[in-house]
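A short write-up of the structure that comes next.
Labels below follow one simple rule: chain letters A, B, ... track the order of the sequence lines, proteins then strands, and each chain is numbered from 1. Heavy atoms only: backbone and side chains are in, while hydrogens, waters and symmetry mates are out.
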Amino acid sequence: MFALVDCNNFYVSCERVFRPDLNNKPVVVLSNNDGCIISRSEEAKALGLKMAEPVFQRFELVKKAGVFVFSSNYTLYGDLSQRVMETLRGVAPVIEIYSIDEAFLDLSGLDIDFQKWAEEIKKIVWRITGIPISIGIAPTKTLAKIANKAAKKGNGIFIIRNDRHRDCMIRNTAIEKVWGVGRQYSKLLFRNRIFSAYDYTLLDDNWLRSQMKVMGLRIKTELLGESCIPLELIIPSKKAIATTRAFGRKTKSKRLLKEAVSTYAARCGEKLRKQSSLANLITVFIHTDPFNQNDLQYNKSKSITLPVATNCTQELIKYALKLLDDIFLPGYFYKKAGVIIEGLEPQMLWQPDLFEALNREKYNRLSVVVDGLNNYFGRDTVKVAIQGSGEEWKLRQEKLSNRFTTNWNETLVVKV
DNA sequence: TCTGGGGTCCTAGGACCC
DNA sequence: TCTGGGGTCCTAGGACCC
């Protein structure tokens with residue numbers, strides 16, 4: 001048996017941990033740049049605010065209903081997520097952290113009353129972290145996902161215990177709600193008169209394989225109660241790392257694009273060093289605002305294979321700027337840029353270039369020192385000069401809450 | 001004024017190897 | 001008449017997830 005633990009309205013719940021006055025009030029959290037609604041309290045859902053809706057389109061309702069609005073505060077959410085996961089690890093040692101707010105637990109071989117066990121875990125996580133969770137329990141991960149959805153509608157716990165129960169659940173689950181079935185596959189399935197998870201299990205294996213590949217086949221097997229998607233217990237190192245952002249304000253200025261792109265490249269370098277990897281390929285893209293049909297549109301990306309695999313910020317910036325130089329055209333209003341690095345390999349396996357003059361050892365030591373300083377004193381305390389201040393292009397984050405748990409200057413203040 | 005960011009996996013097809 | 005067999009690696013594109 002598997003349990004899927006999912007934090008309820010996670011980002012909103014994080015904001016509420018330090019703002020209990022927001023309980024029972026409508027609260028939403030926005031995407032980067034204060035663009036779209038990405039987390040909603042139950043009260044906000046009841047008002048009709050939709051997931052991924054641009055908030056400016058609902059400004060009137062937000063104002064009238066007194067909705068509390070927050071910019072996303074990933075420092076806070078990441079830290080609270082870690083606390084939840086550590087707590088879960090304490091009660092169920094075999095755990096896969098599936099996303100910032102979800103974890104699969106392996107319950108096989110545990111001789112326990114699942115209902116009581118789940119109630120206990122809900123209580124513990126709530127007591128230790130202040131985050132409400134829902135738990136779905138079932139014989140496969142795909143079914144645990146379905147159980148979790150049912151749990152969210154009820155009292156937070158739902159168990160699929162036997163085949164009869166499983167059969168009943170899949171008959172009542174719309175196919176587009178099944179884990180692994182997205183928009184495109186839903187369309188395909190509707191065309192073939194497949195509407196429920198149960199309908200799906202009647203499909204012919206050959207047809208499934210030809211249309212939805214092995215993933216489609218796995219979904220069927222899992223829906224039938226046979227587990228074939230195992231828990232991933234080892235966190236694999238990333239195969240690609242990206243830092244991409246829309247700007248707070250659109251810009252024509254190449255200087256500002258250079259600042260942004262070098263900052264993103266630096267961010268990629270940090271992430272790369274954190275997992276002790278090197279990159280072989282770097283891509284830079286820039287584009288205009290696709291929503292503004294009055295502006296002339298431009299959309300371009302370019303990649304380059306690095307001569308030697310690296311995780312050195314200065315070097316990543318150098319190539320990123322060269323790529324930017326290649327694709328930049330004057331005259332457009334740019335809204336977004338990004339740096340993506342791929343072809344990642346473990347630092348341990350590094351192969352030097354026989355003829356290279358650059359003293360990499362020196363740069364590596366520098367990186368360690370710079371990362372240490374920035375870690376201690378705050379991001380970008382030490383940076384490459386061309387990164388600039390970011391004043392003119394950085395994210396809009398007008399409703400940012402404090403980083404209560406990770407910054408001494410932002411801890412909760414209680415006046416007595 | 002105003003619309004997010006960061007990932008993974010699978011497959012087909014082409015280039016290439018012996 | 002008629003020209004092998006068995007592979008790997010890489011990339012682009014399409015799907016999915018949160």
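Residue contacts for A:Ser72: at a heavy-atom cut-off of 4.0 Å it reaches no nucleic acid atom on any strand shown. Among the atoms of the strands shown, none is found under 4.0 Å from any heavy atom of A:Lys250. Residue A:Arg249 is out of contact with every strand shown, counting any heavy-atom pair closer than 4.0 Å.
Among residues two or more places apart in sequence or in another chain, the side chain to side chain donor-acceptor pair (under 3.5 Å) test is passed with A:Asn192 by none.
Using a 4.0 Å cutoff on non-hydrogen atoms, the parts of residues 91-107 of chain A near DNA chain C are A:Tyr98, A:Ser99, A:Asp101, A:Glu102, ordered by number. Within residues 201-216 of chain A, the residues having any heavy atom closer than 4.0 Å to DNA chain B are, in order of number, A:Arg209, A:Lys213, A:Val214, A:Met215. Looking at residues 262-293 of chain A, you'll see that no heavy atom sits under 4.0 Å from any atom of DNA chain C. Proximity of residues 171-197 of chain A to DNA chain C (heavy atom under 4.0 angstrom from any strand atom) is restricted to A:Val178, A:Trp179, A:Gly180, A:Val181, A:Gly182, A:Arg183, A:Gln184, A:Tyr185.
Comparing A:Asn32 and A:Phe59 by the nucleotide of DNA chain B whose heavy atom lies nearest to each, the residue mapping closer to the 5' end is A:Phe59. If A:Ala242 and A:Pro54 are placed on DNA chain B by their nearest nucleotide, the residue sitting closer to the 5' end is A:Pro54.
Among residues at least two apart or in separate chains, salt bridge (charged side-chain N to carboxylate O under 4.0 Å, His left out) pairs with a member in residues 301-314 of chain A are A:Lys302-A:Asp326. Listed by first and then second residue, the salt bridge (charged side-chain N to carboxylate O under 4.0 Å, His left out) pairs involving residues 177-205 of chain A are A:Asp205-A:Lys220 (not counting sequence neighbours).
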Taking only distance into account, with no hydrogens and no angle test, what donor-acceptor pairs under 3.5 Å do side-chain atoms of residues 57-66 of chain A form with protein atoms, sequence neighbours excluded?
{"residue": "A:Arg58", "atom": "NH1", "partner": "A:Gly48", "partner atom": "O", "Å": "3.4"}
{"residue": "A:Arg58", "atom": "NH1", "partner": "A:Glu53", "partner atom": "OE1", "Å": "3.2"}
{"residue": "A:Arg58", "atom": "NH1", "partner": "A:Glu53", "partner atom": "OE2", "Å": "2.9"}

Run the side-chain donor-acceptor check on residues 236-252 of chain A: report pairs under 3.5 Å with partners two or more places apart or on a different chain.
{"residue": "A:Thr243", "atom": "OG1", "partner": "A:Lys271", "partner atom": "NZ", "Å": "3.2"}
{"residue": "A:Lys250", "atom": "NZ", "partner": "A:Asp295", "partner atom": "OD2", "Å": "2.8"}
{"residue": "A:Thr251", "atom": "OG1", "partner": "A:Ser253", "partner atom": "N", "Å": "3.0"}

Show me, pair by pair, the donor-acceptor contacts under 3.5 angstrom made by side chains of residues 304-311 of chain A, not counting sequence neighbours?
{"residue": "A:Thr310", "atom": "OG1", "partner": "A:Cys312", "partner atom": "N", "Å": "3.0"}
{"residue": "A:Thr310", "atom": "OG1", "partner": "A:Glu315", "partner atom": "OE1", "Å": "2.7"}
{"residue": "A:Asn311", "atom": "ND2", "partner": "A:Ser277", "partner atom": "O", "Å": "3.2"}

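The six-membered or imidazole ring of A:Phe333 lies away from that of A:His287, with a centre-to-centre distance of 6.0 Å or more. Aromatic rings of A:Phe70 and A:Tyr11 (six-membered ring for Trp) have centroids beyond the 6.0 Å cut-off, not under it. Taking the six-membered ring where the residue is Trp, the centroids of A:Phe104 and A:Tyr98 are separated by under 6.0 Å.
Think of the region where chain A sits on DNA chain B: with heavy atoms and a 4.0 Å cut, that region ends 5' and 3' at B:dC2 to B:dT11.
Stem list for DNA chain C (at least 3 consecutive Watson-Crick or G-U pairs, distances under 3.5 Å): B:5-18 with C:5-18.
Side chains of A:Asn73 and A:Ser401: a donor-acceptor N/O pair is present below 3.5 angstrom, by distance only.
Although no hydrogens or angles enter the test, the distance criterion places a donor-acceptor pair under 3.5 Å between the side chain of A:Glu222 and the main chain of A:Thr142.
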